[in-house]
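Worksheet: the structure to be examined is printed underneath.
Only a predicted model underlies this, so the values are computations on that prediction, with no experimental measurement involved. Below, chain A is the first sequence line, B the second, and so on; all start at residue 1.
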Amino acid sequence: MANEEMKVRVRFAPSPTGMLHLGGARTAIYNWAFARSQGGDFILRIEDTDPERSTHENTQIILRALRWLGLEWDEGPEVGGAVGPYFQTERMATYEAALEELKATGAAYPCFCSKERLDACRAQAEKSQGGYAGYDGHCRDMDPEEAAARIAAGEPHVWRLRVPEGHGPIAFDDAVYGAMSFPADVMDDLILVRSDGSPTYNFAVVCDDANMGITHVIRGDDHLSNTPRQILIYEALGLPVPIFAHLPMILGPDGKKLSKRHGATNVEDYRDRGFLADAMVNYLALLGWSLDGETTQIPREMLASEFSLERISKKDAVFDEEKLTWLDGVYMREMSVGEWIGEATPWLAYAHRLGAQALAGVSVVPSPDKDQQKERLASLIAPWQDVPEEEWQELVAEVADRRAWYERIYPLIIERQTTFNELPDKLAFLFWGANVALDEKSVAKVLKKEGGRADEALELCREVLTDGSIPWEAEPLQEACRAKGEAAGLKPKLLFQPLRVAVSGNQVSPPLLESIELLSRSDVLARIDGVLSIMR
RNA sequence: GUCCCCAUAGUCUAACGGUUAGGACGCGGCCCUUUCAAGGCUGAAAUACGGGUUCGAUUCCCGUUGGGGGCACCA
């Protein structure tokens, strides 16, 4: 057992067999937060013992995702540390040493059963007993001399753990689930080392956690049933058992284990859909943990000081993207102009491209279906990926060159966005130049309304916007329009909605006169004239 | 088949024997308003079921039901 004076050391140990998914990200967050709150060390270890599925690219993807989330590790890949290396494939000597120890005490024995025999056993057990109960111990009591001879003859074999007979229940105190107890007699003799000499997961994990001085193992619930097996290995090796904390699963909206069919499960997809890392960390932290049941905004710094294992929930949690989206909006609104431009640049550049692609002159486009629109936004992953590199560089450079202008968009949009993916659609009209793409529904509802005075309203506004004596600024332009509308008996709504549609193409847009201020007089007048011409 | 875990509104959660069962997302209404947001106020919505223990159960115990995970030469 770890005593109180020991420095807390925790680790996140992903296997590089794919992307970093939401569950893994939350496990990493909890490990990180626990280490920070305890003044301990957060270690990253790559479990790449499965050569079939582990790749260098996947490792890089995981490191990148962790860095995006802002979870810096104290020891691990690219950072180093005193108990490295931090890739399991580079620690083979330590597993071999541990195996030698187990061989010497008789706690490990060689097993020559072929994969085929084991498969057959399993198949038969499933047929006759309805389920597999584990390895049947075929080689457990083989004569040591026979075993030695067969090894010497080069016969393929694995090494299994000899689970002690008459071992009482394996008990441990889980920091989340409390007192746990598993009967030892249902435990079969698990494989420690494969026939190719590589360690299995359970064996490598125990060796590494022990050698790296891990004090608390915080990991997914799916490892709960592995824990008694691992404790058996700790015991056989005579090593101290760390404290375990198992985390409940993250489920999809249908209550099933979260998977691709629920949409994005890869954290980098969220980045590429325009979510903020801060919101992601906050949301994920709250999925299975609470500070006090009241607080929903828990920034990283607060997590790093207030996180506690005691308040982790035992219950599986459903991932709710709507709440994440709301929280993302909260963090968005807290951003300064500078931060906003920095993060939003690709989407602003993409909005520019989208707007510049608008058709020439005035056109009417069908209104998107609300649900389809939502789905489209959800599946937009870094939409600029398809843009030719050279063109893209120019677009991005433009945002930097005209930074002052782009900064003026900030107050118009900051309270109207929840993720960056919404920006292109909402801001494209700023890049239309003299052209307009009219939304079909908006035309029907605002411009062609029965008995409406839309054309009259547009004429009035046009007069004001033509008047060079009025400064091209939102406030004076608005007041002048308002006065003119009032004189003509036009309520503000009847006056401004037609103008909104004529300029932005839609009955819903960012603040109208403030947007007009960002456009040139000639473009605005051209849009109004164009719209007027098709109304007649 | 077997081992293990879980159970408060649609969702995330608080209440560790005594509360009008609290907060958040989402949903409805009102206010603000030239649209949409944001903001403010407000409404509907939960202790899975059945037994105990107790003066008193969301809370403790047992059972039922419902969900989840493990039982690989994967991790």
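For S195(A) against C73(B), a side-chain-to-base donor-acceptor contact under 3.5 Å is present. Judged by atom type and distance alone, D222(A) does not reach the base of A75(B) through any side-chain donor-acceptor pair under 3.5 Å. No hydrogens or angles were tested; on distance alone, a donor-acceptor pair under 3.5 Å links the side chain of K323(A) to the base of A24(B).
For K315(A) and Y283(A), each mapped to the nucleotide of RNA chain B holding its nearest heavy atom, the one lying further toward the 5' end belongs to K315(A).
If you check residues 488-496 of chain A against RNA chain B, the residues with a heavy atom closer than 4.0 Å are P492(A), K493(A), F496(A), listed by number.
Side-chain nitrogen and oxygen atoms of R117(A) include none within less than 4.0 Å of the OP1 or OP2 phosphate oxygen of C73(B). A close approach under 4.0 Å does not occur between any side-chain nitrogen or oxygen of R219(A) and OP1 or OP2 of A75(B). Between C3(B) and R229(A), no contact under 4.0 Å exists linking OP1 or OP2 to a side-chain N or O. Taking 4.0 angstrom as the limit, K256(A) places none of its side-chain polar atoms (N or O) nearer than this to OP1 or OP2 of G67(B). Distances shown here put every side-chain N or O of K426(A) at or beyond 4.0 Å from the OP1 or OP2 atom of A37(B).
Here U35(B) presents its P atom at 10 Å from CZ of R482(A), a figure rounded to the nearest Å. Atom CG in D316(A) sits roughly 18 Å away from atom P in C4(B) (whole-Å rounding). Between the CD atom of Q373(A) and the P atom of C36(B) there is a distance of 17 Å, rounded to whole Å.
Applying the 6.0 Å contact sphere to NZ of K103(A) captures more than 12 heavy atoms from other residues, nucleotides or ligands.
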